[in-house]
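See structure below.
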Amino acid sequence: MLFESNIRELLKYLPSYRLRREKQLMRELLVQKRRILSAEERASQSAAILEQLEQMQCFREAKTVLLYYPVNNEVDVLPLVKKYKKEKMLLFPVSHRHDMTVSPYEGNEKMHRGKFHIPEPTTPAYTGKIDLIIVPAVAFDKTGLRLGRGGGYYDKFLKKQSHATLVGVGYDFQLVDKVPAEKHDQKVHRVIIPSQTILV
């Protein structure tokens with residue numbers, strides 16, 4: 001038949017299409033739930049997450065920590081900057097066309113709006129060992145899988161960080177039964193939400 005080969009070709013791509021669609025629907029729902037958090041809810045829940053993080057041995061012993069600059073009501077990890085900037089080397093992501101690098105934080109005067117209008121350091125790229133990476137996400141599950149913003153920047157970067165401890169942070173509603181995942185999606189080692197810490 002004329003269309004049999006075309007149909008077989010389309011069916012081959014159907015599972016990946018369904019997976020991407022499932023990811024997109026989950027992303028839209030949870031980003032919307034995150035947006036409606038009040039400033040007070042965000043502050044109190046972020047504080048509960050940071051309190052758990054600071055008690056973890058992997059954080060206390062870490063000399064180099066990669067943070068992120070929160071956007072769209074993500075968990076606020078910026079209080080760690082003021083508290084630990086003299087004790088630890090703190091890094092932030094720097095986005096490029098297809099990937100990301102990291103650079104040290106050396107004060108707000110050495111930050112600028114990057115590719116996605118998110119503040120990034122203007123300091124030279126850091127290529128040394130990273131002890132701990134605080135990973136943002138739209139969703140996590142108890143196996144450590146994460147659903148990111150959709151660009152794949154973190155997955156590409158985390159794949160190269162074999163020595164770092166990866167800690168995901170999110171609100172309680174961001175812990176789901178199962179994150180739809182593809183082969184390239186990277187897992188975290190721990191997930192912290194306001195109500196609990198999950199060791200993967």
Side-chain angles (χ1 to χ4, degrees), residues 12-13 15-27 30-31 34 49 53 56-59 61-72 74-75 77 80 88-105 114-171 174-193 197-200:
K12 188 168 69 175
Y13 292 106
S16 62
Y17 171 78
R18 283 177 175 162
L19 186 60
R20 287 195 298 271
R21 184 61 180 152
E22 191 178 348
K23 280 186 169 186
Q24 188 56 32
L25 289 172
M26 183 176 285
R27 193 175 281 120
L30 293 179
V31 167
R34 197 173 63 196
I49 289 166
L53 174 66
M56 296 173 74
Q57 184 176 355
C58 62
F59 179 82
E61 294 181 353
K63 294 180 172 61
T64 307
V65 180
L66 174 59
L67 301 174
Y68 65 88
Y69 202 97
V71 295
N72 299 324
E74 289 177 326
V75 172
V77 297
L80 297 173
K88 303 177 185 291
M89 176 184 283
L90 302 178
L91 309 168
F92 280 92
V94 177
S95 297
H96 304 284
R97 187 174 181 182
H98 297 297
D99 60 3
M100 70 180 238
T101 57
V102 299
S103 292
Y105 174 82
K115 178 183 175 185
F116 298 106
H117 307 289
I118 299 172
E120 299 176 345
T122 57
T123 51
Y126 175 80
T127 57
K129 180 187 174 187
I130 303 174
D131 299 316
L132 181 69
I133 300 177
I134 311 302
V135 187
V138 175
F140 296 99
D141 65 24
K142 290 186 176 181
T143 73
L145 282 168
R146 61 179 288 276
L147 178 67
R149 296 170 183 164
Y153 289 85
Y154 265 92
D155 286 313
K156 291 175 189 174
F157 182 80
L158 295 178
K159 191 175 182 180
K160 304 171 187 175
Q161 308 303 315
S162 58
H163 299 293
T165 300
L166 313 181
V167 179
V169 293
Y171 305 108
Q174 290 180 272
L175 183 68
V176 300
D177 290 335
K178 182 176 175 56
V179 166
E182 298 173 83
K183 288 182 180 179
H184 64 267
D185 292 328
Q186 301 296 303
K187 289 186 175 185
V188 297
H189 303 120
R190 293 162 177 76
V191 177
I192 305 177
I193 57 177
T197 296
I198 298 158
L199 304 181
V200 177

- Task: Evaluate the side-chain proximity of Lys142 to Ile198: yes if any heavy-atom separation is below 4.5 Å, no if none is.
- Result: yes
- Message: Give me the atom names and distance for the closest heavy-atom approach of Pro121 to Pro93.
- Response: CD-O, 4.0 Å
- Item | Non-hydrogen side-chain atoms of Val138 and Met26 separated by less than 4.5 Å | no
- Query: Could you state the interatomic distance from CD1 (Ile133) to NE2 (His163), rounded to the nearest 0.5 Å?
  - Reply: 11.5 Å
- Gln186 side chain reached by Lys159 side chain, heavy atoms, under 4.5 Å: yes
- Message: Would you say that His98 contacts Lys156 through its side chain, given a criterion of any heavy-atom pair below 4.5 Å between the two side chains?
- Response: yes
- One should read off an interatomic distance between Asp131 CG and Glu61 CD, to the nearest 0.5 angstrom, of 9.5 Å
- Message: Looking at every non-hydrogen atom in both residues, tell me the closest pair between Leu91 and Leu66 and how far apart they are.
- Response: O-CD1, 3.5 Å
- Query: With Thr101, which residues qualify under side-chain hydrogen bond (donor to acceptor under 3.5 Å, both in side chains), at least two apart?
  - Reply: His96
- Task: Taking the side chain as every heavy atom from C-beta outward, state whether Ile192 and Met56 have any pair of such atoms under 4.5 Å apart.
- Result: yes
- Message: Side chains of Arg190 and Thr165, heavy atoms from C-beta outward: is any pair under 4.5 Å?
- Response: yes
- Item | Min side-chain heavy-atom separation Ser95-Glu120 under 4.5 Å | yes
- Message: If I compare all heavy atoms of Val65 with all of Ala62, which pair ends up nearest, and what's the gap?
- Response: CG2-CB, 3.8 Å
- Query: How about His184: does its NE2 atom have over 12 heavy atoms from other parts shown lying under 6.0 Å from it?
  - Reply: yes
- How many angstroms lie between CD1 in Ile134 and CG in Leu90, if you round to the nearest 0.5 Å? 10.0 Å
- To the nearest 0.5 Å, tell me how far Ile193 CD1 sits from Ile49 CD1. 8.0 Å
- Could you give all pairs that pass the ring pair (Phe, Tyr, Trp, His ring centres under 6.0 Å) test and reach residues 131-158, with sequence neighbours left out? Phe116-Tyr153
- Query: Cut-off 3.5 Å, side chains only: do Arg21 and Gln24 have a donor facing an acceptor?
  - Reply: no
- Note on the structure: Of all heavy-atom pairs linking Thr123 and Pro104, the shortest is OG1-O, 2.6 Å
- Note on the structure: When every non-hydrogen atom of Val102 is compared with those of Ile130, the smallest separation belongs to CG2-CD1, 4.1 Å
- Measuring from Glu74:CD to Asn72:CG, what's the distance to the nearest 0.5 Å? 6.5 Å
- Among Arg20, Lys23, Arg146, salt bridge (Lys or Arg N to Asp or Glu O under 4.0 Å) partner for Glu182: Lys23
- Taking all heavy atoms of Lys187 and all of Leu166, pick out the closest pair and write down the distance. O-CD1, 3.3 Å
- Item | Heavy-atom side-chain contact between Val167 and Val188 under 4.5 Å | no
- Nearest-0.5 Å distance that lies between atom CG in Leu147 and atom CD in Gln174: 10.0 Å
